[in-house]
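Residue numbers start from 1 in every chain, and the chains themselves are labelled A, B, ... in the order their sequence lines are given, proteins ahead of strands.
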Amino acid sequence: MFLINCPYCGERDQQEFKAGGEAHIERPKQPTELSDDEWAEYLFMRKNIKGVQFERWNHAHGCRKWFNMARDTSNDEIKAIYKMGEKPPTQ
Amino acid sequence: MSQNLRVKSSEFIDETNRISFKFDGKTYYGFKGDTLASALIANNVHLVGRSFKYHRPRGIMTSGSEEPNAIVQVNPNSNITEPNARATEIEIYEGLEASSQNCWPSVNFDIGGINNFLAPLFPAGFYYKTFMWPKSFWEKYEFFIRHSAGLGKSPNTRDPDIYDHRNIHCDVLVVGAGISGILAAKNAAKNNFKTLLLDEKNELGGSTIFDGNEDNKINHNSAAEWLKKEINELKNIKNLEIKTRTSVAAYHQYNYLLARENLTDHLVKKDKKNKIRQRLLKIRAKKVILATGALERPLVFNNNDRPGIMLSSAIKKYSNFYGVACGTKNIFFTNNDSAYESALSLHNKGIKVEAIIDIRENSDAKIIKKINDAGIKIYWAHTIVDTRGYKRLSGVSIMKLSNDGTSVTGSKISISCNCLGIAGGWTPAVHLYTQSGSKLTFDEERKIFIPIADTKEQISVGSCGGDFELDEIIKNLNYKLKNFLNINKTDFEGITLENDHETSKRNIWLLPSDQTIGKTKPFVDYQNDATAKDIKLALREGFRSIEHVKRYTTTGMGTDQGKLGNMHALGIIADTAGVKMGELGTTTFRPPYTPLTFGTIVGRNVGEFFDTFRRTPMNDWHIKNKAKFENVGQWKRSWYYPKEGETMHQAVQRESKAARKSAGILDASTLGKIDIQGSDASEFLNRVYTNAWSKLAIGKCRYGLMLNEDGMVYDDGVTTRLGENHYIMTTTTGGAANVLGKLEDYLQTEWPELDVYLTSVTDHFATASLCGPNSKKILNKIIPDLDLSDDNFPHMSFKEVLIDKIKCRIMRISFTGELSYEINAPASYGEAIWQKCIEAGKEFNITPYGTETMHLLRAEKGFIIVGQDTDGTMTPIDLQMDWIVSKKKYDFIGKRSLYRSDTMREDRKQLVGLLTEDPNIVLEEGAQIVSELNQKPVEMLGHVTSSYFSPNLNKSIALAVVKDGKNMMGRKLFVPMENKNISVTVANTVFYDEKNERLNA
Ligand SMILES: [Zn+2]
């Protein structure tokens, strides 16, 4: 059970949060211009890596805000938490 | 019966408090402070169970939670009996009843015992192999397996006890109250850390307080006496909470631990009453100190499982702590010095020790001299090759070990005994450490897995960290604590320590016998009856991974998770396969460390607290009017309102007819309601719904369909424009929370530039839906001032009005196809408004109807219910709702997916109507649909999604999804059921009032 540092509320128990899958997948601005393959890439393809993964989290039972997390999936270490719209940390 | 094996009074046992208890129907006596195991041993009872597979007689083996054999049924004759309790953990109390498990008809005469002689039939992988054999064989085995497998019997009524949960936040959590844990907790608390100390036993002090070895000295005093003083000081320390009888079950990431606190199991029945039995502690600790100690290893040799064969350390605890001798003629069998301490403890109490058999060549520890002085014979470099005695050990045969330890030589010596203490060394209890996600390393020299490294949040101290000798433990503890807590000094720094040191080592995972291995039974996992032979067979059959061998042989898969035998299993695999143990890795230890009751896990969330109920403001009226309720998500919704003697079918048919003939009223308060405001509200709706919203006039309503980005229907509902920048959206009852979540997600992450604010107002409004040709007249009686003409208040429009000074929103919208008005009142006035409608409707025979009638009426009109007629694979096109998908809009959620090659396929499953050839047959929802009856295998074209008998059409109607359904109008298909094939015809989805004339009736 993680202890997650919501950028708006502070440290809270994982049970207050909802995981929202991979982060930094932007919805295409002009979907109609995309081929089936390109659209499928956006719609279905998600990474599942061992190591640092960037993912979306929502403080569902709290402030209801979405934010991003960099998490090492091999040991569940939360490397960074940052707001929507902010760039992922490079390290 | 006399307790003839009490050997001395013990400070931990209250001999003035005699307690009677029953085991296997027989009455025995023990004392306050005894466990069931110590009290049975005091009564010379060792045989307490039968083994799982071979039904071999088994005795008490340990004194703690690692016990593999003494698994008992508590209160066996009660219907709230509890299985799988460990006799070594049950504290006896007046009136306790327990019985052996896994034996029939009794522990002394067990029919399954014949399995012992059929052993060649039960090799490794027995269960897997029987599954593979011809089917006809399986039927024979099944009967047999079902009767012999399984441990204990489950209770058959509701658990009457109270369980509880508690959240705890602390700075430092110390797990285990042995010498390391006590010193760690004391120093943490003294340095202002809010500290919690837990131990699974009822006494603090671990093994040190009954150590009995006078050579272990702290400050020139015995270590036990010194520690007792330390324990006494604990109660004066602030910031320190101590919980005994509390075992940590799980250690999750971020120092989140679950522990079970046992509060009343040791009390007599009348003191248990109305008290919390067990409490689950949910602990979030800033720092965790693991001081979980070590478990003694058995030795693996031929017939090492007879009752009377016990761990050497357990014999010491029974003698020193409980004052009980485990046998009158004792032998110890060891590969290290610790057995000598146990032997000496017994000898000093006048209990006979026949011999010590040591696989080592020699040892120069000080204690050896004392054993020699006591006249106890030591057999160096010998091993036990066999044991005797069926229900109780009666003797052992020993032989000299060869130099390489793989065989035996010389002549066989036979020694009689009734108790054998085995000492195979120590395994650090790293279970919790690994559960936390931390990694182990293997110390090849000492043959132990130890924690790789301490962190800022967690350390392992004492023997769980690999320190076994007193001076080493204290020295490292001092160093580690100072670093971990960032303090300059501990209060035990500088104490003087004296203790014996072990110098000589020899480890043999599988001890040889004079017989071939095929004829021996060297048990590795006692609880699952897995032998070294099974492990070797698994390797011969090609298994290599430890995880595979574990599952194939079931080694380590019992309720004790192989706490005793796992290391031997690894060692035997490594030796046989010729690899290093460190390279083999270890199996994963999973929570719980010791089993938890279901009661502890669910805590207070039972009965009416199992889940939250949501009730509408009109709930009391529904109850008064005898409504039957159904659960829709967490909501309790009126299902139907049966009159005296009516069946559900009769009630629904009556309600449905009344709603179309005159007037009906439905409580629609549960529909999700989202208030949408902001200058971009219209644009936002354009993006989330498939149809266009910009041109919707203020005061008008529109039905919308919401898709997922994959093009599949997600939710639907009517949205009303209340003002220029203000809308109220309704969602399905079950989808409300998810829809709000999804909309917020898009607003926050994809379209942060939009000026839109969403607020859930589901609970703010109560909704009474008036329906039927007389609804206009009823509404007119309630609000005479409002012009209800079609010109002023047309279908799909909205008015805000005052009813008895209460501001209400009325939408003229319809889910039944009838003229309908939805009156939304502030929730607290919901029942009053409802009551007013009922009063006004009396002269029109207004009929309250529930969800069942609502479903029937909408099905007559072919209106879908998202989640019933759709299942996440239906596009609007599949639903034949092309009309609602805007072609002009550039984009909306899911639009692009409607043009994928797969979603554009013509032969997708599509929503159609079905009419049965016999109009009286009502199809079953979920029934499959086929076109050919004789085809094998028959192709399933789809299934029935909604089905009713329509009283207004006087025939059965159904909605279904059928492959290529659009092109099947009028086709005859079949619904094959168990006893008959039902003929059906594909029809239009709208069965009633296709021209929507009744909306303006
Ligand atoms: Zn928050």
Pair B/R260-B/S247, side-chain donor/acceptor within less than 3.5 Å: yes
Judged by modelled atom types alone, do A/E55 and A/W57 share a side-chain donor-acceptor pair under 3.5 Å? yes
A/M84 versus chain B, the contacting section by heavy-atom distance below 4.5 Å: side chain
Residues in residues 14-30 of chain A that sit under 4.5 Å from chain B, counting heavy atoms only: A/Q14, A/I25, A/E26, A/R27, A/K29, A/Q30
Residue pair B/K287, B/D171: steps toward the salt bridge (charged side-chain N to carboxylate O under 4.0 Å, His left out) verdict: CA-CA 6 Å; B/K287 288 170 179 283; B/D171 295 327; over 6 Å; no
So, are B/E750 and B/K742 salt-bridged, with charged N and O less than 4.0 Å apart? no
Check against side chain to side chain contact (heavy atoms under 4.5 Å, CB included), B/I289 and B/V175: CA-CA 6 Å; B/I289 299 175; B/V175 185; over 6 Å; no
Count the heavy-atom pairs under 4.5 Å between each of B/S897, B/G741, B/S901, B/A737 and chain A, then report the option with the highest count. B/S897
Chain B contacts: which residues in residues 32-44 of chain A have a non-hydrogen atom closer than 4.5 Å to it? A/T32, A/E33, A/L34, A/S35, A/D36, A/W39, A/Y42, A/L43, A/F44
Bottom line for B/Y899: the part with an atom under 4.5 Å from chain A's heavy atoms is backbone
Please classify the contact of B/Y251 with chain A as side chain, backbone, both or neither, using a heavy-atom distance under 4.5 Å. neither
Take B/D715 and B/T732 through the test side-chain hydrogen bond (donor to acceptor under 3.5 Å, both in side chains) and record every step on the way to the result. CA-CA 7 Å; B/D715 201 78; B/T732 55; 2.5 Å; yes
Which portion of B/D710 sits near chain A, non-hydrogen atoms under 4.5 angstrom: both
Begin from the C-alpha positions of A/N5 and A/E11 and carry the test side-chain hydrogen bond (donor to acceptor under 3.5 Å, both in side chains) through to its verdict. CA-CA 4 Å; A/N5 194 1; A/E11 279 191 342; 5.3 Å; no
Within 45° cone of A/Y8 ring axis and under 6.0 Å: A/K65 NZ or CZ: yes
Working note: B/L685 + B/I676, criterion side chain to side chain contact (heavy atoms under 4.5 Å, CB included); need CA distance, chi angles, decisive distance, verdict. CA-CA 9 Å; B/L685 289 172; B/I676 304 173; 3.9 Å; yes
Would you kindly say whether B/N255 and B/Q458 are connected by a side-chain donor-acceptor distance under 3.5 Å? no
Region of B/S438 in contact with chain A, defined by heavy-atom distances below 4.5 Å: neither
Under a 4.0 Å threshold between the charged nitrogen and the carboxylate oxygen, would B/D891 count as salt-bridged to B/R687? no
Is B/D745 salt-bridged to A/R56, going by a charged N under 4.0 Å from an acidic O? yes
Between B/F684 and B/W751, is the side chain to side chain contact (heavy atoms under 4.5 Å, CB included) condition met? List the steps. CA-CA 9 Å; B/F684 180 66; B/W751 308 322; 3.9 Å; yes
Among B/E709, B/E744, B/K895, which residue has the highest count of heavy-atom pairs closer than 4.5 Å to chain A? B/E709
